[in-house]
Protein chains: 2
Amino acid sequence: MSKTTIYDIASELNITPSTVSRALSNHPRISARTKKAVREVATRLNYRQNSIAAALRSGKTNMLGIVVPTTDRSFFSSVIRSIEQVATASEYNVMITQSNDQEKMERSNIEALLRAQVDGVIASISRETSDYSHFRKLTDNGIPLVLFDRVADLNHTSIVRIDDYRGAYEATAHLIAQGCSRIAHFAGQQKLDIYQQRFRGYKDALQDHRIAFDEALLHYSNVKIEDGRAGMNTLLRLKSPPDAVFAASDYAAIGAMQVLKEKGKRIPEDVALIGFMNETFTSFVDPGLTTVDQLSKKMGEIAASTFLEQVECPDEFVSKKIILSPKLIVRGSSLKADSSSMESNS
Amino acid sequence: MSKTTIYDIASELNITPSTVSRALSNHPRISARTKKAVREVATRLNYRQNSIAAALRSGKTNMLGIVVPTTDRSFFSSVIRSIEQVATASEYNVMITQSNDQEKMERSNIEALLRAQVDGVIASISRETSDYSHFRKLTDNGIPLVLFDRVADLNHTSIVRIDDYRGAYEATAHLIAQGCSRIAHFAGQQKLDIYQQRFRGYKDALQDHRIAFDEALLHYSNVKIEDGRAGMNTLLRLKSPPDAVFAASDYAAIGAMQVLKEKGKRIPEDVALIGFMNETFTSFVDPGLTTVDQLSKKMGEIAASTFLEQVECPDEFVSKKIILSPKLIVRGSSLKADSSSMESNS
DNA sequence: ATTTGATGCGCAATCGATTGCATTATTGTG
DNA sequence: CACAATAATGCAATCGATTGCGCATCAAAT
């Protein structure tokens with residue numbers, strides 16, 4: 001029992017394949033009667049469109065490629081989920097690939113998507129990437145490209161991200177409001193724009209509150225758990241250690257939390273802690289980790305609909321740059337005045 | 001500048017497209033000289049195979065579909081990563097979809113993969129699924145299907161999973177060895193085989209060590225955090241509460257851990273705790289959560305290579321059922337005799 | 001010198017749907 | 001009733017690569 005094609009339907013009804021094709025795609029020039037008949041035979045014969053043939057002829061695959069560093073962060077998987085929702089609502093299928101934060105894999109992922117002839121790509125750039133030629137290959141071939149969160153300023157590309165500066169500023173200001181004055185910062189690699197912004201937000205918040213910036217309280221790293229541990233250990237050895245740490249990533253913050261607990265420090269009384277990303281686990285460590293939520297859901301929706309707009313009218317391209325305002329999620333790790341328990345999840 | 005095709009290469013060299021096609025696919029009947037020439041022109045003209053056309057003609061898309069409940073558990077994303085590795089090594093691209101543990105989405109995912117005409121599917125069944133007809137649709141169409149972890153006994157299907165029974169048995173035995181005697185169990189939905197097995201393993205371990213099974217210490221749920229919290233709260237209200245909990249999922253275990261901390265209980269002295277899955281966060285909560293590792297990497301490798309074997313010889317199908325032995329990862333939440341620190345990661 | 005076999009390549013059909021243009025059916029209008 | 005206008009369908013090329021079969025060439029073997 002080989003697959004049924006439009007030819008089978010056509011011969012069954014004594015009409016031509018063209019008519020069947022048009023009937024199935026709801027062409028206005030086909031009579032309602034024929035359409036009905038075709039649809040009936042189609043279901044009866046269990047017809048399923050050969051999207052490959054359609055893609056070959058029409059040049060559209062109805063596939064949307066996604067490239068993310070990894071899927072096992074709730075941020076990324078949540079973005080993906082919401083992209084999927086919007087995309088499938090418009091008959092697009094989604095092809096997900098992971099770069100594992102390696103430029104080489106990112107490259108081969110893009111190659112794969114190019115081979116698969118996706119109609120567009122939504123990506124968040126790998127931590128390692130310094131050469132963007134593979135992304136250009138997409139736009140050069142007229143494939144819409146939307147970057148989110150980890151973005152770069154490329155031609156013919158749209159962007160959606162959060163205001164990292166503001167997120168960092170608010171986090172730092174919150175710590176200050178809690179009475180902290182020696183606030184350390186675990187900064188990410190400054191070649192990534194998001195980490196630069198977070199650093200700036202931190203610095204400006206200090207300045208605006210007349211707190212001197214202290215170089216000794218600053219630690220650059222990959223902001224993974226180990227880095228947070230190392231950073232915290234270093235900080236605790238200072239003659240005047242910090243009374244708060246704002247980490248550019250939840251992972252670094254968790255590393256710091258581990259060390260603090262091991263050393264018998266109280267959180268937030270001795271050292272308050274804030275992360276960034278709102279990873280799932282931040283809500284169930286003890287104490288809950290205050291963090292900055294990145295609006296993954298909205299980000300995915302916007303990225304997907306931006307893509308859709310761009311495929312709709314490929315002729316008139318408009319590069320969108322959308323910046324969302326992040327949301328501070330206050331939990332136990334930073335809340336000293338425990339009178340008001342203002343935990344708030346979205 | 002439209003895409004270059006084999007026709008362009010052919011006319012450049014005054015040969016036919018067939019020869020070009022054969023040269024590029026390294027056909028033995030093409031001379032080394034022609035192959036070289038073709039390859040050179042191909043790179044010069046920046047030729048990229050139109051895989052859609054190839055797929056249409058050959059009936060092979062070189063795409064492998066994946067269906068998982070969610071990608072944001074480290075178990076699943078790790079399995080995916082290792083599937084990707086094996087698959088791409090054999091020139092296969094991977095298309096990932098998430099069911100969000102909903103039967104309906106699982107169905108539409110399979111439909112999408114069917115439309116995309118993937119050459120095979122590797123899946124882990126959704127928690128909700130009770131009707132497997134969509135999976136049958138695959139095998140009916142001759143598409144190899146490999147199930148992992150959350151499996152079902154379908155025709156013409158291969159399976160790779162861990163020995164959940166043994167994992168549970170060892171976890172329980174470990175608790176007993178640590179001196180626990182009132183061991184509670186948070187069981188998952190018994191319609192899922194893995195949770196049945198884990199329950200059996202728990203029960204048998206008790207029996208083998210002459211500990212009476214106490215119905216009051218058993219809690220069925222979806223083994224999410226809330227369930228763990230609820231279960232632990234109930235247990236603590238018993239007149240003789242448990243001195244250990246073995247949860248069928250890390251999430252339920254974390255919920256229990258939260259409640260224990262809130263009530264001022266010491267872990268593991270008052271209540272020891274073991275989870276299942278070896279989620280990333282289990283290693284950085286405090287104390288570290290003892291858990292059962294599911295060998296995600298190996299599972300992915302086996303699933304992928306099983307798929308590869310089946311596409312190689314579609315004629316002679318052999319249904320493989322592979323069962324791996326899980327590994328108990330002992331951490332602070334269950335280690336009472338803190339003399340030997342036997343943390344072991346893979 | 002002829003046969004045999006291997007080697008290298010071309011011809012043309014094919015995969016299944018799409019689509020511009022041509023053609024036929026249908027309806028309405030004067 | 002004729003003729004235009006419109007609606008509905010058919011024709012045939014096309015997307016780009018693959019592949020079975022056939023033909024030619026050439027070296028080795030008889």
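Below, chain A is the first sequence line, B the second, and so on; all start at residue 1.
- Listed pair A/Ser21 / C/dT18 meets the phosphate criterion, a side-chain N or O lying under 4.0 Å from OP1 or OP2.
- Proximity of B/Thr19 to the phosphate of C/dG10: a side-chain N or O atom is located under 4.0 Å from OP1 or OP2.
- Spacing between atom CD1 of A/Ile15 and atom P of D/dG10 amounts to 6 Å, rounded to whole angstrom units.
- B/Glu103 has no carboxylate O lying under 4.0 Å from a charged side-chain N of B/Arg127, or vice versa, which leaves the two without a salt bridge.
- With respect to the salt-bridge test (charged N to carboxylate O, under 4.0 angstrom), the residues B/Arg150 and B/Asp193 do not qualify.
- Between B/Arg22 atom CZ and D/dC21 atom P the separation is 12 Å, expressed in whole Å.
- Close to C/dT18, at under 4.0 Å from its OP1 or OP2, lies no side-chain N or O of A/Ser58.
- Distance CD1 (B/Ile30) to P (C/dA6): 18 Å, rounded to an integer number of Å.
- Within the structure, every side-chain polar atom (N or O) of A/Thr34 is placed at least 4.0 Å from both OP1 and OP2 of D/dA8.
- For C/dG16, the OP1/OP2 oxygens have no side-chain nitrogen or oxygen of B/Gln117 closer than 4.0 Å.
- Which of D/dG16, C/dT18, D/dT18 sits closest to the side chain of A/Ile6 comes down to C/dT18.
- The side chain of B/Ser18 has C/dC11 as its nearest neighbour among D/dG16, C/dA17, C/dC11.
- Along DNA chain D, the nucleotide nearest to A/Arg29 and the one nearest to A/Tyr7 differ in position, and the one closer to the 5' end is contacted by A/Arg29.
- Salt-bridge check for A/Glu12 with A/Arg44: passed, with a basic side-chain N closer than 4.0 Å to an acidic carboxylate O.
- Rounded to whole Å, the distance from NE2 on B/His27 to P on C/dG10 is 13 Å.
- Taking atom CG of residue A/Leu24 and atom P of nucleotide D/dT9, one finds them 13 Å apart after rounding to whole Å.
- A/Tyr47 places its OH atom 10 Å from the P atom of C/dG16, with the value rounded to the nearest Å.
- Mapping A/Arg48 and B/Thr16 onto DNA chain C by nearest heavy atom places B/Thr16 at the nucleotide closer to the 5' end.
- Between C/dC9 and B/Ser31, a contact under 4.0 Å exists linking OP1 or OP2 to a side-chain N or O.
- Rounded to whole Å, atom P of D/dC15 lies 18 Å from atom CG of A/Asn50.
- Separating the CD1 atom of B/Ile9 from the P atom of C/dG10 is a distance of 14 Å, rounded to the nearest angstrom.
- A salt bridge is defined here as a Lys NZ or Arg NE, NH1 or NH2 lying under 4.0 Å from an Asp or Glu carboxylate O, and B/Glu40 with B/Lys36 meets this definition.
- Using modelled atom types, no side-chain atom of B/Ser99 and backbone atom of B/Met105 make a donor-acceptor pair closer than 3.5 Å.
- Closest contact between the side chain of A/Gln49 and the listed nucleotides D/dT18, C/dC11, C/dT18 involves C/dT18.
- A/Asn14 comes within contact range of the sugar-phosphate backbone alone, with a heavy-atom separation under 4.0 Å but no base atom that close.
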